Novice: 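My questions will all concern the structure given below.
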Amino acid sequence: MTLAPRCQRDEPVRVCEVSETSVSGVAVIIPAFNEQDRIAATVRAASGLPGADMVIVVDDGSTDRTSAVASEAGATVVGHARNRGKAAAMETGATAVTAVEGSETRQERLSAPRALLFIDADLEDSASRVAPLIEPVVSGAADMTIAVLPPQRSAGGGRGLVVDLARNGIERATGWTPRQPLSGQRCLTRDAFAAALPLAPGWGVETGLSIDLLRQGYRVLEVDVDLHHRVTGTDWRAQLHRARQYAGVMRALGTRGVRPSLPAGLRRGNR
Ligand SMILES: O=c1ccn([C@@H]2O[C@H](COP(=O)(O)OP(=O)(O)O[C@H]3O[C@H](CO)[C@@H](O)[C@H](O)[C@H]3O)[C@@H](O)[C@H]2O)c(=O)[nH]1
Ligand SMILES: O=C(O)[C@H](O)COP(=O)(O)O
């Protein structure tokens, strides 16, 4: 397994590019809420990832055809009877992986539990490029990798408030400043995932994961990956979504004893 030379090996949290390579033993978990238009392409792309021999879609109480479309595309589908939020869907997905592994025959069983790769349902074809998240985890170079996405094709409608709250909160809690603190494309060892349970609920899940793992000494790595997803726009629904994200991050920080920062525009030096 090779890490590119610009990886900084002597830092507790390393930010680097890694090359794609063949790996084995990865379960892909896709939380999905009303994603019938995108889930098939995402499942198909995820199924071709190196080492990904299990693709589980967690239908988080969708009211559309997400389950049926995901199943037709080849995923194993588990679900919630009602919408419970992304973090609960992630936990359900991990439980499903353990259950499938428990039912495997001795011949089917891998020598070690699979790593867990969480990706969003709206990545579509770009999910085929998520492989660089897998290598550092399978090779033992990192306990959790996080995808850093390039600028998206269409501009988002936010002012960076949620991102800023999460980034500063993680920095205050751990000393590490993530580039994309909300990125949900993450690959974890089973040990790291277990250490982060119970996950911070709802939209606080990424903030909680980063803080909880770093505080316990796990190694977290941001990796540039050329992914594309549906960006959040500017209408009232989008702003309501951001308000919920803000509340989720605030809750994750509060329950971890982290005092949230003032919004960037109000902080000393910015006035
Ligand atoms: O109640 C829900 C809502 C969403 N999802 C799924 O969660 C994923 C992310 O949701 P999305 O609506 O795409 O959220 P974004 O605002 O675009 O997400 C950004 O911010 C989130 C944290 O706030 C991260 O989880 C995402 O990875 C990141 O792309 C998708 O697969 C959804 O289908 C659920 O499973 N349950
Ligand atoms: O659009 C986004 O990137 C997220 O919804 C976060 O919103 P923000 O711009 O307020 O951080």
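What you are looking at is a predicted structure, and each value in this text was computed from that prediction instead of being measured.
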Novice: For the side chain of Gln185 and the backbone of Asp120, is there at least one donor-acceptor N/O pair under 3.5 Å apart?
Specialist: yes
Novice: Could you tell me whether the side chain of Ile170 reaches within less than 4.5 Å of the side chain of Thr177, counting heavy atoms only?
Specialist: no
Novice: Just by distance, do the side chain of Glu108 and the backbone of Arg106 share a donor-acceptor pair under 3.5 Å?
Specialist: no
Novice: Under the salt bridge (Lys or Arg N to Asp or Glu O under 4.0 Å) test, which residues partner Asp226, sequence neighbours left out?
Specialist: Arg129
Novice: Indicate whether any N or O donor in one side chain lies under 3.5 Å from an N or O acceptor in the other, for Arg242 and Gln245.
Specialist: no
Novice: For Glu72, give me all partners under salt bridge (Lys or Arg N to Asp or Glu O under 4.0 Å), at least two apart in sequence or on another chain.
Specialist: Arg65
Novice: Is it possible for you to say whether Met54 and Met90 belong to one hydrophobic cluster, with membership spreading through side-chain heavy-atom contacts below 4.5 Å?
Specialist: yes
Novice: Nearest 0.5 Å, please: how far is CG in Leu49 from CG in Asp53?
Specialist: 11.5 Å
Novice: Can you tell if the side chain of Ile146 reaches within under 4.5 Å of the side chain of Val148, non-hydrogen atoms only?
Specialist: no
Novice: I'd like to know if Arg179 and Glu222 make a salt bridge, using a cut-off of under 4.0 Å between side-chain N and carboxylate O.
Specialist: yes
Novice: Do the side chain of Ser139 and the main chain of Pro136 share a donor and acceptor less than 3.5 angstrom apart?
Specialist: yes
Novice: Go through it in stages, so that I can follow the logic: the residues are Val28 and Ile56, the test is side-chain contact (heavy atoms from CB on, under 4.5 Å), and I'd like the CA-CA distance, side-chain angles, deciding distance and then a yes or no.
Specialist: CA-CA 6 Å; Val28 184; Ile56 294 192; over 6 Å; no
Novice: Taking C-beta and beyond as the side chain, do Leu165 and Arg167 meet within less than 4.5 Å on heavy atoms?
Specialist: no
Novice: Do Thr42 and Ile30 come within less than 4.5 Å of each other through their side chains, counting heavy atoms only?
Specialist: yes
Novice: Who passes side chain to side chain donor-acceptor pair (under 3.5 Å) against Thr255, sequence neighbours left out?
Specialist: none
Novice: For the pair Asp60 (side chain) and Arg84 (backbone), establish whether a donor and an acceptor sit closer than 3.5 Å, ignoring hydrogens and angles.
Specialist: yes
Novice: side-chain contact (heavy atoms from CB on, under 4.5 Å) with Ala112: which residues, sequence neighbours excluded?
Specialist: none
Novice: Are Leu123 and Ile39 connected into the same hydrophobic cluster when the rule is that any two of I, L, V, M, F, W, Y join if their side-chain heavy atoms are below 4.5 Å apart?
Specialist: yes
Novice: Is there a side-chain contact between Arg237 and His241 (heavy atoms, below 4.5 Å)?
Specialist: no
Novice: Return yes if some donor-acceptor pair links the side-chain N/O of Asp164 with the main-chain N/O of Gly160 below 3.5 Å, else return no.
Specialist: no
Novice: Any chance CZ of Arg215 has more than 12 other-residue heavy atoms, nucleotides or ligands included, within less than 6.0 Å?
Specialist: yes
Novice: Please walk me through it: do Thr66 and Asp64 pass side chain to side chain donor-acceptor pair (under 3.5 Å)?
Specialist: CA-CA 6 Å; Thr66 294; Asp64 66 2; 2.6 Å; yes
Novice: Would you confirm whether Thr174, through its side chain, and Glu171, through its main-chain N or O, come within 3.5 Å as a donor-acceptor pair?
Specialist: no
Novice: Taking salt bridge (Lys or Arg N to Asp or Glu O under 4.0 Å) as the test, write out the residues that go with Glu124, two or more places apart.
Specialist: Arg38
Novice: Are the side chain of Ser62 and the backbone of Asp59 linked by a donor-acceptor contact shorter than 3.5 Å?
Specialist: no
Novice: What residues form a side chain to side chain donor-acceptor pair (under 3.5 Å) with Gln216, not counting sequence neighbours?
Specialist: none
Novice: Looking at Ala70 and Val77, what are the two nearest heavy atoms and their distance?
Specialist: CB-CG2, 3.8 Å
Novice: Are Phe118 and Phe193, when compared by the centres of their aromatic rings, separated by less than 6.0 Å?
Specialist: yes
Novice: For Asp143, enumerate each residue passing the salt bridge (Lys or Arg N to Asp or Glu O under 4.0 Å) test, keeping only those at least two apart in sequence or located in another chain.
Specialist: Arg219
Novice: Report yes if some heavy atom in the side chain of Glu35 is under 4.5 Å from a heavy atom in the side chain of Asp122; otherwise report no.
Specialist: yes
Novice: Please say yes or no: joined through hydrophobic side-chain contacts below 4.5 Å, possibly via intermediate residues, are Leu214 and Leu253 part of one cluster?
Specialist: yes
Novice: Who are the side-chain contact (heavy atoms from CB on, under 4.5 Å) partners of Asp37, not counting sequence neighbours?
Specialist: none
Novice: Go through the structure and list residues passing side-chain contact (heavy atoms from CB on, under 4.5 Å) with Arg190, not counting sequence neighbours.
Specialist: Val97, Thr98, Glu101, Pro113, Arg114, Leu116
Novice: Can you name the residues that form a side chain to side chain donor-acceptor pair (under 3.5 Å) with Gln107, not counting sequence neighbours?
Specialist: none
Novice: Kindly indicate, with the supporting measurements, whether the criterion side-chain contact (heavy atoms from CB on, under 4.5 Å) is fulfilled by Met144 and Val137.
Specialist: CA-CA 6 Å; Met144 175 170 74; Val137 173; 5.9 Å; no
Novice: Is the closest side-chain heavy-atom distance between Gln36 and Asn34 below 4.5 Å?
Specialist: no
Novice: Go through the steps to decide whether Val225 and Leu149 satisfy the test side-chain contact (heavy atoms from CB on, under 4.5 Å), and finish with yes or no.
Specialist: CA-CA 6 Å; Val225 190; Leu149 280 61; 6.0 Å; no
Novice: For Thr92, what residues pass the side chain to side chain donor-acceptor pair (under 3.5 Å) criterion, not counting sequence neighbours?
Specialist: His80
Novice: Just verifying a value: how many Å separate Leu133 CG and Cys187 SG, rounded to the nearest 0.5 Å?
Specialist: 6.5 Å
Novice: To the nearest 0.5 Å, what is the distance between NE2 on His229 and OG on Ser183?
Specialist: 8.5 Å
Novice: Hey, quick one: are Val231 and Ile119 part of the same hydrophobic cluster, counting side-chain heavy atoms closer than 4.5 Å, chains of contacts allowed?
Specialist: no
Novice: Mind checking whether Val130 and Leu227 have side chains closer than 4.5 Å, heavy atoms only?
Specialist: yes
Novice: Ignoring hydrogens and angles, write down the donor-acceptor pairs under 3.5 Å from the side chains of residues 195-213, residues two or more places apart or on other chains.
Specialist:
unit_1 : atom_1 : unit_2 : atom_2 : d
Glu206 : OE2    : Lys86  : NZ     : 2.9
Ser210 : OG     : Arg186 : NH1    : 3.0
Ser210 : OG     : Glu206 : O      : 3.3
Asp212 : OD1    : Arg256 : NE     : 2.7
Asp212 : OD2    : Arg256 : NE     : 3.2
Asp212 : OD2    : Arg256 : NH2    : 2.8

